[in-house]
Participant: 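The structure under discussion is supplied below as structure tokens; questions concerning it will follow.
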Amino acid sequence: MDNLAIARILREIADLLEIKDDNPFKIRAYRNGADIAANHPHELSLLDETGLREIPGIGKDLAARIREIAGTGDTAFHRELIAEFPPTILDLLHLQGVGPKTVATLYRELDIRTLEDLESAALDGRIRALRGMGARKEGLILKALEERKRFAGRHLLPDAHDAAAALVVYLRERAPDATIEPVGSLRRGCDTCGDLDLLASGAPQSLMDDFVEYRLVERVLGHGDTRSSVLVRGGFQADLRLVAADSRGAAMQYFTGSKAHNIALRDRAIDQGFKLNEYGLFRTADDVKVAGQREEDIYAALGLDWIPPELREMRGEIDAARSHALPRLIDRGDLRGDLHMHSTETDGKDDVRTMAEAAREAGLEYIAITDHTRSLAMANGLDERRAIESAARIRAVDAEGLGVRLLAGVECDIKADGSLDLADDCLAALDIVVASVHSAFTQDREQMTARLLRAIEHPQVDILGHPTGRLILKRQPYPVDMEAVIDAAARHGVAIEINCQVHRLDLNDVHAKLARDRGVPLVISSDAHSRHAFGRLRWGVMVARRAWIQPADVLNTRPFEAFRALLRRHRRRS
DNA sequence: GCCGTTTTCGGCCCGACTGTTTTCAGTCG
């Protein structure tokens, strides 16, 4: 049982308890436990009771439940709840405007168990007959059902970023003197966003009307004086909040989250005799506002350094801010090189010289051309002869002095047994080797882990490419013991890639932080397949920032010669 | 269900909007 599977069961327990109208704090404890499991870098199933209980938020009961899930795949408590309520009613809970109380009423009064049951009940007019419901509520449920089919959940960060940027431009035109900024998961740089949260401070009330009249709005979910929600074409829910200019910092802090970070900050405020809300930080004794205009002032008043939004996930940032130990996070401008890209030699759209010139324009000082190898026949992968010939051409372009240095490499396939796709002497003749998995994703955890370990142990491998194979919102990562992989990379001095393809962002933030903590060198690479793709480096940098990564943790922040000297093959020789 | 260097019991973050209401419950973030 991996952490995500454990998290799913704990979250289902929380949802079912909520429908049962159980103790809200118990529900929060389970939900919190699910978040802890989902974000924990280590395999919880490998920890014993003592190890689990050392995790804040995991107590006696949750530790026992997690042990039971790890051992048997489920827990009796979960099974009991499912016996009480059909698990399909959890689908109802995720509809806009339908919460636990409504689900319970629908089940109790009308025996509604599925989305199909709900739809027919709504169409029959049976829902409006229930106490507390009406024709309007019934219509909203039908709309939510219809939208669920079209608006499927979360979005990639870059897509959300683009949609939000367009909306911000529109709003700024209508309120030029106001400050309008994205907040929420967008500002924290999460790899997916559920909705677009925007904050306007110092804007006229009329901006709310402008917002709901935005030309891409498909439905208005709410329209108030300080808060409105709409559905925007493309499947985005967008929320706009309006606050006075002197509350901007408090509102930024509050609406940026994460929820867990905010709860911890409020706890701290209470301990120190304050109350914190989206309008400011107030002294409890006399209700005097002590901060609110700037985020920095709020953190400072609570005895904390300002915490970059990407770190606000309750992964130790509050302790670090208290002891002035926050990292100086990497920026896009720190990147000097890009170590993974393709050319027309295999499945890239542009030739080597075009890629080099585009990289220079993107501000890079050096690149590695790393085309695919033989096994990826679909992409016209290189065999040994072509790899050597290609390397000679790359070095010839390098010799032209284009203002950007080139390294001749490959993205070498890791075959199903963990061996590499090209002969050792060929790999040794190249400047750099990225090794990646592109096939046999269905191997079990033991096989896949052994496969990656074997590749890491290979003396010619410099970098492990997109290590988990995930495609965000499309494909789960393959099962693999990332902790073992990271430890092996640390032992052998192999770097691990943060791949910047918007669907990959692989390593993710949690594993990248673990790698950093274990002293594994990281690289941030575009995996560009065309000259237009270098812009995506910013998204990999965002992952790195969420992983607490500083410039020195990343090999391709080094100047060219220093970088070359750090490559595994050169260290071994020296 | 979790937590505690004032507490092992009694707390647990806070506010806006909507719909169905005659003063509030449910949902959402």
Side-chain angles (χ1 to χ4, degrees), chain A residues 10 13-15 17-19 21-36 52-66 75 77 92-106 127-141 143-144 183-188 193-199 208 212 219-230 237-243 247 250-251 253-271 274-282 284 302 314:
Chain A
L10 295 179
I13 291 175
D15 287 346
L17 287 173
E18 201 165 24
I19 291 168
D21 199 20
D22 210 311
N23 175 355
F25 300 105
K26 182 170 165 183
I27 294 162
R28 182 196 289 177
Y30 273 98
R31 199 154 280 153
N32 187 38
D35 287 342
I36 289 167
L52 287 168
R53 293 199 59 179
E54 282 172 6
I55 302 170
I58 305 291
K60 179 166 169 290
D61 288 26
L62 275 171
R65 304 266 189 244
I66 291 171
T75 158
F77 186 46
L92 310 181
L93 205 51
H94 301 132
L95 291 171
Q96 173 75 39
V98 178
K101 297 290 189 294
T102 307
V103 172
T105 305
L106 291 169
I127 289 175
R128 67 181 70 187
L130 294 175
R131 178 179 171 72
M133 314 239 183
R136 181 136 177 82
K137 181 86 180 173
E138 197 172 69
L140 286 174
I141 286 174
K143 270 198 164 145
V183 287
S185 54
L186 208 50
R187 184 168 178 236
R188 298 202 312 281
C193 296
D195 49 22
L196 314 175
D197 293 311
L198 303 178
L199 176 69
M208 276 299 171
V212 300
R219 170 147 93 101
V220 178
L221 298 171
H223 183 183
D225 291 342
T226 67
R227 174 174 181 165
S228 295
S229 296
V230 297
Q237 176 175 331
D239 298 333
L240 177 65
R241 274 90 166 193
L242 197 60
V243 298
S247 291
Q253 196 292 310
Y254 179 75
F255 292 122
T256 295
S258 65
K259 183 182 277 195
H261 176 92
N262 283 0
I263 288 174
L265 213 59
R266 283 177 184 214
D267 277 346
R268 186 175 174 85
I270 290 167
D271 286 347
F274 297 110
K275 184 182 75 167
L276 179 60
N277 61 26
E278 58 263 54
Y279 303 110
L281 183 69
F282 300 85
T284 314
L302 296 172
M314 282 313 279

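All of these numbers come straight from a predicted model, not from anything done at the bench. Chain letters run A, B, ... following the sequence lines, proteins first and then strands; every chain starts at 1.
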Participant: B/dT18 C1' sits how many Å from A/R136 CZ, rounded?
Facilitator: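 Rounding to the nearest Å, CZ of A/R136 and C1' of B/dT18 are 8 Å apart.
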Participant: Touch check for A/D239, heavy atoms < 4.0 angstrom, all strands: base, sugar-phosphate only, or nothing?
Facilitator: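 Since only primed, P, OP1 and OP2 atoms lie under 4.0 Å of A/D239, the category is sugar-phosphate.
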Participant: Rounded to whole angstroms, how far apart are CG on A/D22 and P on B/dC2?
Facilitator: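 Taking atom P of B/dC2 as the reference, CG of A/D22 is at 13 Å.
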Participant: Looking only at side-chain N and O atoms, does A/T226 come under 4.0 Å of OP1 or OP2 in B/dC17?
Facilitator: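 Checking A/T226 against B/dC17: at least one side-chain N or O falls below 4.0 Å of OP1 or OP2.
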Participant: Please check the phosphate of B/dG15 (OP1 and OP2 only) for any side-chain N or O of A/N277 closer than 4.0 Å.
Facilitator: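 For B/dG15, OP1/OP2 do have a side-chain N/O of A/N277 under 4.0 Å.
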Participant: I want to check one thing: is the phosphate of B/dC28, taken as OP1 and OP2, less than 4.0 Å away from some side-chain N or O of A/K101?
Facilitator: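 It does not, given that no N or O in the side chain of A/K101 lies less than 4.0 Å from OP1 or OP2 of B/dC28.
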Participant: Provide, to the nearest angstrom, the distance between the CD1 atom belonging to A/I13 and the C1' atom belonging to B/dG1.
Facilitator: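 Roughly 12 Å, once rounded to whole Å.
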Participant: Grab the CG-P distance between A/L140 and B/dC28 for me, whole Å please.
Facilitator: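 Spelled out: CG on A/L140 to P on B/dC28 is 11 Å.
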Participant: Phosphate oxygens OP1/OP2 of B/dG29: is one of them under 4.0 Å from a side-chain N or O of A/Q237?
Facilitator: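 Yes, because at least one side-chain N or O of A/Q237 sits under 4.0 Å from OP1 or OP2 of B/dG29.
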Participant: With rounding to the closest Å, how many angstrom separate the C1' atoms on B/dC17 and B/dC12?
Facilitator: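 Comparing C1' positions in B/dC17 and B/dC12 gives a spacing of 25 Å.
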Participant: Respond yes when some side-chain nitrogen or oxygen of A/T102 is under 4.0 Å from OP1 or OP2 of B/dT27, and no when none is.
Facilitator: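 For B/dT27, OP1/OP2 do have a side-chain N/O of A/T102 under 4.0 Å.
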Participant: If we take the P atom in both B/dC14 and B/dT20, what is their distance in whole Å?
Facilitator: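 These two P atoms come out 30 Å apart once rounded.
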Participant: Which part of the nucleic acid does A/N23 contact within heavy-atom distance under 4.0 Å: base, sugar-phosphate only, or nothing?
Facilitator: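 Result for A/N23 = base.
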Participant: Using atom P in both nucleotides, what's the gap between B/dG1 and B/dT5 to the nearest angstrom?
Facilitator: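 The answer is 23 Å between these two P atoms.
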Participant: Considering only the P atoms, how many Å lie between B/dT6 and B/dC2, rounded to the nearest integer?
Facilitator: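 So the two P atoms sit 24 Å from each other.
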Participant: Side-chain donor-acceptor pair under 3.5 Å between A/Y254 and A/R241, yes or no?
Facilitator: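 No, no side-chain donor-acceptor contact under 3.5 Å.
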Participant: Is B/dT21 syn or is it anti, if syn means the base angle is within 90 degrees of 0?
Facilitator: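 Anti, angle beyond 90° from zero.
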Participant: Applying a 3.5 Å limit to both distances, which nucleotide forms a Watson-Crick or G-U wobble pair with B/dT8?
Facilitator: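 Across any shown strand, B/dT8 pairs with none.
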Participant: May I have the distance from A/E278 (atom CD) to B/dA16 (atom P), rounded to whole angstrom?
Facilitator: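 To the nearest whole Å, that distance equals 6 Å.
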